[in-house]
Amino acid sequence: MVDKISSWKFTEEFVNESEAMREARVRAEEMGIECISPGVGAHLAFLVSALQAKAIVEVGTGVGVSGLHLLSGSATAVLATIDSEQENQAAAKLAFADAGIAANRTRVIVGKGVDVMSNMADAAYDLVFLDADRDSLEEQLREASRMLRPGGVVAIAHALWRDRVPDPAMRDEATSIYRDVLRFFENNGDFITSLLATGDGLLLASKQA
C-alpha cells in the first residue's frame, strides 16, 4: 500500500511548472527565500480560474513564484502584490518579465501587508493570498474579510506550519498563530473553509456574504 508521504510527493511532482517559475525558484534559493510548493501553486492557479478572478491581492511577493502561479490562472487578472522588501520585489518583477506578463497586470507595492490592505477597497477583490507578516495574520484576515466580494476566497499558506499544528505538544509562537487562525474560521458562519495538506498546509475560506 502506498504511504501518504509517497502520495504527497507524487501530487507535488505532478505539477509542471513553467521555465520562468523554475528560474524564479533558483533565484529564491540564492537569496535564501522560501517559496510555496508546486502543489500550492497549482491550487492557486486553479482558484483563479474557477473564480474567474479579475482582482487578486497577495501579501508576500517573495521572488514572484506564487505571483506567477496566480497569474497563470487567468489571461486578464490583475495582481496587487505586497512585500516589505524591495529586493524581493525586484526579483519578482524580473520573474514577471521573464514570463512575458504585461506590466499593467501587476501592481508591486512596498509595505507591511496589513497597512497596505487597510487602504484597499471593500468587496472589490476575488482572491486574497496571505503568505507573509505572520505576526499580523489575524489583522490581515479581518482586512481580507472586508476586501473580498461575496464568493471571494482567502487562501493562507503554511496553515499546518511544518506539520506542527496538528500536534498538541507543539506550543511555539508560530504554531500557536496558525492554530488561532484555524479557530478564527471554526465557528465563523461567514465562510466555508477547507484545510489542505498540500505543501506546508493551505487553508481556503470562501466568503458567503
Side-chain angles (χ1 to χ4, degrees), residues 36-37 39-62 65-84 105-109 111-161 165-166 174-209:
I36 60 167
S37 74
V40 170
H43 277 291
L44 295 178
F46 175 84
L47 280 171
V48 171
S49 176
L51 291 168
Q52 298 184 31
K54 300 299 181 187
I56 307 165
V57 173
E58 172 187 47
V59 180
T61 307
V65 172
S66 51
L68 289 173
H69 277 284
L70 288 162
L71 291 167
S72 73
S74 166
T76 57
V78 175
L79 172 68
T81 181
I82 306 162
D83 203 295
S84 58
R105 293 191 61 206
T106 59
R107 291 174 53 217
V108 179
I109 306 168
K112 298 283 283 185
V114 71
D115 294 339
V116 177
M117 294 170 78
S118 67
N119 292 313
M120 291 180 159
D122 294 353
Y125 297 91
D126 305 295
L127 176 63
V128 176
F129 177 52
L130 304 179
D131 188 21
D133 301 335
R134 182 172 59 241
D135 292 344
S136 65
L137 192 50
E138 287 195 66
E139 294 172 81
Q140 292 176 50
L141 277 174
R142 285 192 285 273
E143 292 295 344
S145 300
R146 174 187 60 77
M147 291 161 55
L148 285 170
R149 65 163 173 81
V153 171
V154 57
I156 303 169
H158 302 292
L160 294 174
W161 189 246
V165 168
T175 302
S176 297
I177 287 171
Y178 287 104
R179 287 198 185 111
D180 288 343
V181 168
L182 296 180
R183 281 192 283 270
F184 176 90
F185 290 107
E186 214 166 51
N187 298 306
N188 191 334
D190 293 336
F191 288 89
I192 301 294
T193 60
S194 176
L195 178 59
L196 309 178
T198 306
D200 192 29
L202 183 64
L203 179 65
L204 305 177
S206 175
K207 184 177 178 180
Q208 295 305 288

Worked check of side chain to side chain contact (heavy atoms under 4.5 Å, CB included) between T193 and N188: CA-CA 9 Å; T193 60; N188 191 334; over 6 Å; no
What heavy-atom pair brings [X] and [Y] nearest, and what distance separates the two atoms?
X: H69; Y: A45; value: O-CB, 3.3 Å
X: V48; Y: S74; value: CG1-CB, 3.7 Å
X: L71; Y: A77; value: CD2-O, 3.7 Å
X: A144; Y: V154; value: CB-CG2, 4.2 Å
X: L79; Y: G67; value: CD2-CA, 3.7 Å

Look up atom [atom1] in [X] and atom [atom2] in [Y], then write down how far apart they are to the nearest 0.5 Å.
X: R107; Y: I56; atom1: CZ; atom2: CD1; answer: 12.5 Å
X: L141; Y: S136; atom1: CG; atom2: OG; answer: 9.5 Å
X: R142; Y: M117; atom1: CZ; atom2: CE; answer: 11.0 Å

Identify every side-chain donor-acceptor pair in residues 120-133 under 3.5 Å, counting partners at least two apart or on other chains, and give the distances.
{"from": "D122", "atom 1": "OD1", "to": "R146", "atom 2": "NH1", "distance (Å)": "2.6"}
{"from": "D126", "atom 1": "OD1", "to": "R149", "atom 2": "NE", "distance (Å)": "2.5"}
{"from": "D126", "atom 1": "OD2", "to": "K54", "atom 2": "N", "distance (Å)": "2.7"}
{"from": "D126", "atom 1": "OD2", "to": "A55", "atom 2": "N", "distance (Å)": "2.9"}
{"from": "D131", "atom 1": "OD1", "to": "H158", "atom 2": "NE2", "distance (Å)": "3.3"}
{"from": "D133", "atom 1": "OD2", "to": "G113", "atom 2": "N", "distance (Å)": "2.9"}

Flag, side chain of S118 to backbone of D115, donor-acceptor distance under 3.5 Å: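 The answer is yes, because a donor-acceptor pair under 3.5 Å joins these two groups.
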Worked check of side chain to side chain contact (heavy atoms under 4.5 Å, CB included) between E58 and S66: CA-CA 9 Å; E58 172 187 47; S66 51; 2.2 Å; yes
Pairs satisfying salt bridge (charged side-chain N to carboxylate O under 4.0 Å, His left out), at least one member in residues 187-205, at least two apart: R162-D200
Salt bridge (charged side-chain N to carboxylate O under 4.0 Å, His left out) contacts in which one or both residues fall within residues 68-79, not counting sequence neighbours: none
What side-chain donor-acceptor pairs closer than 3.5 Å can you find for residues 177-187, not counting sequence neighbours?
{"from": "R179", "atom 1": "NE", "to": "V165", "atom 2": "O", "distance (Å)": "3.0"}
{"from": "R179", "atom 1": "NH1", "to": "M170", "atom 2": "O", "distance (Å)": "2.6"}
{"from": "R179", "atom 1": "NH2", "to": "R164", "atom 2": "O", "distance (Å)": "3.3"}
{"from": "R179", "atom 1": "NH2", "to": "V165", "atom 2": "O", "distance (Å)": "3.2"}
{"from": "R179", "atom 1": "NH2", "to": "D167", "atom 2": "O", "distance (Å)": "2.5"}
{"from": "R179", "atom 1": "NH2", "to": "M170", "atom 2": "O", "distance (Å)": "2.8"}
{"from": "D180", "atom 1": "OD1", "to": "R183", "atom 2": "NH2", "distance (Å)": "2.5"}

Any residue meeting side-chain contact (heavy atoms from CB on, under 4.5 Å) with T198, in chain and number order, not counting sequence neighbours: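 Partners of T198 by the side-chain contact (heavy atoms from CB on, under 4.5 Å) criterion, ordered by chain and then number, come out as E12, S37, V40, H43, L196.
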Validation row: L44, I36 side chains within 4.5 angstrom (heavy atoms):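 Result yes, sub-4.5 Å side-chain heavy-atom pair found.
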Q52, CD: over 12 other non-hydrogen atoms inside 6.0 angstrom: no
N/O donor to acceptor pairs below 3.5 angstrom from side-chain atoms of residues 202-209, sequence neighbours left out:
{"from": "K207", "atom 1": "NZ", "to": "S145", "atom 2": "O", "distance (Å)": "2.6"}
{"from": "K207", "atom 1": "NZ", "to": "L148", "atom 2": "O", "distance (Å)": "2.8"}
{"from": "Q208", "atom 1": "NE2", "to": "S206", "atom 2": "O", "distance (Å)": "3.1"}

